[in-house]
Amino acid sequence: MKKTIRDFDLKDKKVIIRVDFNVPIKDSIIDDDNRIKQSLETINYAIENGAKVILLSHLGRVKEESDKEKNTLEPVALRLSELLDKEIIFVEETRGEILEEEINNLKSGEVLLVENTRFEDLNGKLESSNDLELGKYWASLGDIFINDAFGTCHRAHASNVGIASNLPSGIGFLVEKEVKALEGAIKDPKRPLTVILGGAKVKDKIGVIENLVEIADYILIGGGMAYTFLSACDINIGKSLKDEENIEFCKTMLKKYPDKIILPIDTINAKEIKENVETTECFIKDMKDDDIGLDIGHSTVKLFKEYLLDSKTVIWNGTLGYSEIEEFSTGTKEICEVLKNMDAIKIIGGGDTASAIINFGYKDYMTHISTGGGASLEFLEGKQLPGIKIISEK
Ligand code: ADP
Ligand code: MG
């Protein structure tokens with residue numbers, strides 16, 4: 001078991017918390033402050049327990065000097081101050097005397113936010129390549145390190161793995177919640193465990209398929225990648241997405257797990273991918289040469305529903321159609337509706353899947369929607385995430 005923030009005496013200690021404040025910002029206005037809100041529990045706990053709180057986060061990508069202006073954490077400092085109803089000391093540096101002095105002046109219960117850790121990427125990707133000296137330097141600024149940025153746990157950066165290598169470390173409440181939900185679903189699931197997989201390409205999901213096919217009782221495949229699986233069964237899929245390089249992989253999977261992998265039986269098609277386009281629905285075997293398959297059909301929803309209603313755990317990654325366009329969002333919405341009324345553990349991973357479910361209004365009916373797109377995928381691939389692996393054991 002990994003140490004958590006609860007395992008440390010934080011009183012009067014300089015506690016560095018790596019948070020995920022990578023929020024969408026346009027013209028200094030934050031479009032969606034969900035990630036800031038998700039980090040409040042850990043920050044508040046540290047404040048209440050008398051820590052001197054030092055916050056580190058990345059924001060966007062910083063490749064050249066001109067990227068700095070749009071990627072400053074200053075708007076985040078203001079929003080955080082509102083949310084905590086507390087002054088935030090924002091330091092416009094990622095290292096140096098000013099930062100060190102501000103940290104030394106911190107009183108217990110005060111909160112300081114350091115400028116975007118990726119500003120360090122300008123000097124040769126120091127942050128993103130986990131430069132050892134940088135990790136050591138940041139660690140020297142504190143006494144304890146808490147990693148609460150789940151969204152970057154699949155990357156070894158100086159601000160997570162680098163610092164954790166040099167300080168007593170633990171995970172925060174958000175990372176703890178993510179790990180419990182995702183690990184619970186794949187390590188010791190209540191059965192039957194049904195996995196819903198969709199999204200665009202087979203290529204992006206090979207690791208997830210390989211890991212989950214072993215664990216799950218059923219895998220329901222929709223989205224763009226279903227057509228590659230169907231093509232592997234020598235079915236004409238018209239102009240649908242086809243991942244030529246992975247046809248063999250699909251064939252192998254279908255041969256090895258014929259009763260576990262469930263493919264669509266009908267499809268919603270169009271001739272073009274655009275809003276307000278005319279759509280047709282047909283059985284898979286009746287697809288025409290110029291059809292692009294963009295959603296699962298109604299009979300497939302019914303078929304998937306039969307498997308889902310029996311399940312005690314559901315893991316869902318990848319939308320079942322091109323759900324950014326209304327015409328092709330029906331399958332995803334109908335499966336949301338099935339899950340809404342189910343009494344089961346329902347875990348959602350993947351950035352686009354999470355956004356779709358939240359946008360369609362089904363957030364409150366899910367057990368857990370992961371905040372980490374890429375991180376949740378790697379978790380479902382069965383990989384150990386470096387940002388968590390490095391944390392001290394209890
Ligand atoms: P996540 O980010 O949750 O892991 P993905 O990125 O794998 O999910 O999948 C979501 C993407 O898959 C969406 O952009 C969606 O448009 C695309 N997609 C789903 N079905 C299809 C399809 N039939 N054809 C093309 N793209 C599709
Ligand atoms: Mg995606």
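Order of appearance sets the numbers: ligands from 1, and atoms from 1 within every ligand.
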Verify whether one side chain among [X] and [Y] offers a donor that lies under 3.5 Å from an acceptor in the other.
X      : Y      : value
Thr267 : Tyr227 : yes
Asp266 : Ser299 : yes
Ser311 : Thr194 : yes

**Prompt:** Within the distance-only criterion (no hydrogens, no angle test), does the side chain of Glu102 pair as donor or acceptor with the backbone N or O of Leu112 below 3.5 angstrom?
**Reply:**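 No, the answer is negative, given that no donor and acceptor are paired below the 3.5 Å cut-off.
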**Message:** So, 4.0 Å and heavy atoms of Asp204: is ligand 1 close enough to count as a contact?
**Reply:**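 Contact check Asp204 vs ligand 1: negative.
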What atoms of ligand 1 come within less than 4.0 Å of a heavy atom belonging to [X]?
X      : answer
Gly321 : 15 (C), 18 (N), 19 (C), 20 (N), 21 (C)
Leu294 : 23 (N), 24 (N)
Tyr227 : 23 (N)
Lys205 : 4 (O), 5 (P), 7 (O), 8 (O)

The one among [options] that brings a heavy atom closest to [atom]:
atom                    : options                : result
atom 22 (C) of ligand 1 : Ala356, Gly224, Gly199 : Gly224
atom 2 (O) of ligand 1  : Thr332, Asp352, Val208 : Asp352
atom 10 (C) of ligand 1 : Ile357, Asp295, Thr319 : Thr319

**Protein contact to atom 25 (C) of ligand 1 [nearest heavy atom, distance to 0.1 Å]** =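 I find the closest protein heavy atom is Tyr322 CD1, 3.7 Å.
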**Request:** Do me a favour and list the nearest non-hydrogen protein atom to atom 3 (O) of ligand 1 with residue, atom name and distance?
**Result:**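 Checking every protein heavy atom, the shortest distance to atom 3 (O) of ligand 1 gives Thr353 OG1, 2.4 Å.
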Under 3.5 Å between some N or O of ligand 1 and some N or O of [X]?
X      : answer
Gly293 : yes
Glu324 : yes
Ala200 : yes
Asn317 : yes

Side-chain touch [X]/[Y], heavy atoms, less than 4.5 angstrom:
X      : Y      : value
Ser159 : Glu127 : yes
Val195 : Trp316 : no
Tyr45  : Thr42  : no
Arg191 : Asp217 : yes
Tyr322 : Glu327 : no

**Item:** Residues Lys271, Asp291: salt bridge by 4.0 Å N-O rule
**Value:**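 So Lys271 pairs with Asp291 through a salt bridge.
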**Any N, O or S atom of Asp352 closer than 2.8 Å to the Mg ion (ligand 2)** =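 Checking the Mg ion (ligand 2) against Asp352, an N, O or S atom does fall under 2.8 Å.
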